[in-house]
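Below: one structure, written as structure tokens.
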Amino acid sequence: MKVDRILSFILLLALLASIAMLIYLILNPPPGEKFTEFYILGPKGKAADYPTRLFVNQSGSVIIGIVNHEYRAMNYTVEIWLIDESTSNLRLLESFTVSLEHMPISEKWEPQFERIFSFSIDAPGKYKIVFILLKDCPPKMPEDFGSEEERISKALKGEIQSLILNVEVFGI
């Protein structure tokens with residue numbers, strides 16, 4: 001009789017603990033996948049009509065976009081590099097930092113941060129424009145992701161989040 005009472009009490013405690021855990025999980029669901037959307041669009045806001053064939057000093061532009069789904073506020077630094085494919089010369093065209101709050105995923109997609117980037121190239125040839133996204137920058141500094149050459153090498157290999165636009169420039 002005493003053993004039955006003890007077992008009933010333990011069973012009741014286990015049932016109450018299970019109900020409490022279920023309520024906690026309903027009220028505090030675990031976060032989903034953490035990721036950042038990083039994209040470029042053509043000048044008309046579509047994933048088309050990128051400026052890939054230009055004349056010397058002709059202006060081209062793209063829209064750079066970032067959406068934070070990391071479940072916390074994030075600081076991002078975007079570095080934009082120009083690589084001359086014939087000489088492998090590198091030139092930093094621009095760098096900027098933006099802080100974004102977490103944006104929940106919804107059925108209707110919305111941009112969170114977009115910025116127009118315009119450029120022109122002053123010599124004919126084949127070029128790559130490399131857009132590198134560095135997360136948590138600051139507190140991490142770009143140097144914490146390796147030297148400039150290392151970051152670009154990692155970007156070209158797909159080891160860090162980056163986008164590449166191939167541009168051919170023709171003489172006039």
Side-chain angles (χ1 to χ4, degrees), residues 32-71 73-172:
E33 182 180 0
K34 298 176 183 181
F35 65 98
T36 298
E37 293 179 50
F38 182 46
Y39 58 90
I40 56 173
L41 302 173
K44 295 178 184 172
K46 304 283 184 197
D49 303 321
Y50 295 102
T52 58
R53 297 173 61 86
L54 301 172
F55 290 102
V56 170
N57 293 322
Q58 179 183 0
S59 181
S61 67
V62 295
I63 299 167
I64 301 169
I66 304 170
V67 183
N68 175 6
H69 300 295
E70 300 281 351
Y71 288 89
M74 293 287 291
N75 295 313
Y76 298 99
T77 295
V78 176
E79 294 182 342
I80 305 164
W81 291 88
L82 179 68
I83 302 174
D84 182 335
E85 289 190 38
S86 64
T87 64
S88 297
N89 285 342
L90 308 173
R91 183 172 49 148
L92 180 64
L93 297 177
E94 187 174 335
S95 176
F96 63 89
T97 300
V98 61
S99 298
L100 299 173
E101 293 297 321
H102 166 71
M103 184 173 192
I105 299 171
S106 65
E107 289 182 21
K108 182 179 181 271
W109 183 87
E110 293 182 35
Q112 185 177 19
F113 170 84
E114 289 187 337
R115 177 178 175 181
I116 295 173
F117 170 69
S118 297
F119 63 94
S120 65
I121 301 172
D122 60 3
K126 291 185 178 185
Y127 296 86
K128 289 186 183 303
I129 300 178
V130 181
F131 301 84
I132 298 176
L133 181 69
L134 304 173
K135 296 180 183 181
D136 277 338
C137 198
K140 293 181 183 176
M141 299 307 294
E143 300 80 33
D144 294 337
F145 295 91
S147 69
E148 295 171 349
E149 291 81 8
E150 288 172 327
R151 288 195 303 277
I152 291 169
S153 176
K154 288 178 182 179
L156 294 174
K157 292 176 186 174
E159 295 173 2
I160 58 176
Q161 202 162 357
S162 61
L163 303 164
I164 299 170
L165 180 66
N166 292 306
V167 179
E168 188 170 3
V169 179
F170 301 94
I172 299 176

For [X] against [Y], the heavy-atom pair lying closest together:
X: Tyr39; Y: Trp109; answer: OH-CH2, 3.4 Å
X: Pro111; Y: Met103; answer: O-CE, 4.2 Å
X: Glu79; Y: Ser95; answer: CG-OG, 4.0 Å
X: Thr36; Y: Glu70; answer: OG1-OE2, 2.7 Å

Is the closest side-chain heavy-atom distance between Glu85 and Asn166 below 4.5 Å?
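A side-chain contact under 4.5 Å exists here.
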
Would you say Phe113 and Asn68 make side-chain contact, with heavy atoms under 4.5 Å?
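Side chain of Phe113 against side chain of Asn68, heavy atoms only: no contact under 4.5 Å found.
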
Rounded to the nearest 0.5 Å, how far apart are [atom1] of [X] and [atom2] of [Y]?
X: Leu134; Y: Ile160; atom1: CG; atom2: CD1; result: 6.0 Å
X: Ser162; Y: Ile132; atom1: OG; atom2: CD1; result: 6.5 Å
X: Leu90; Y: Leu82; atom1: CG; atom2: CG; result: 9.0 Å
X: Ile164; Y: Ile83; atom1: CD1; atom2: CD1; result: 7.0 Å
X: Trp81; Y: Leu156; atom1: CH2; atom2: CG; result: 12.0 Å

Quickly, which of Leu133, Val98, Leu163, Thr97 forms a side-chain contact (heavy atoms from CB on, under 4.5 Å) with Val78? Name it, please.
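Among Leu133, Val98, Leu163, Thr97, the one that satisfies the side-chain contact (heavy atoms from CB on, under 4.5 Å) with Val78 is Leu133.
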
Side chains of residues 116-125: which donor-acceptor pairs under 3.5 Å do they make with residues two or more places apart or in other chains?
none

Taking His69 as the fixed residue, which of Glu37, Glu33, Gln112 is the one that meets the side-chain hydrogen bond (donor to acceptor under 3.5 Å, both in side chains) rule?
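Running side-chain hydrogen bond (donor to acceptor under 3.5 Å, both in side chains) over Glu37, Glu33, Gln112 with His69 returns exactly one hit, Glu37.
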
Before giving the answer on side chain to side chain contact (heavy atoms under 4.5 Å, CB included), spell out for Arg115 and Glu94 the whole-Å C-alpha distance, their side-chain angles and the decisive distance to 0.1 Å.
CA-CA 12 Å; Arg115 177 178 175 181; Glu94 187 174 335; 2.3 Å; yes

If you apply the rule side chain to side chain contact (heavy atoms under 4.5 Å, CB included), what do you find for Met74 with Asp136, and how did you get there?
CA-CA 6 Å; Met74 293 287 291; Asp136 277 338; 3.7 Å; yes

Taking only distance into account, with no hydrogens and no angle test, what donor-acceptor pairs under 3.5 Å do side-chain atoms of residues 41-66 form with protein atoms, sequence neighbours excluded?
{"from": "Tyr50", "atom 1": "OH", "to": "Ile40", "atom 2": "O", "distance (Å)": "2.8"}
{"from": "Gln58", "atom 1": "OE1", "to": "Phe55", "atom 2": "N", "distance (Å)": "2.8"}

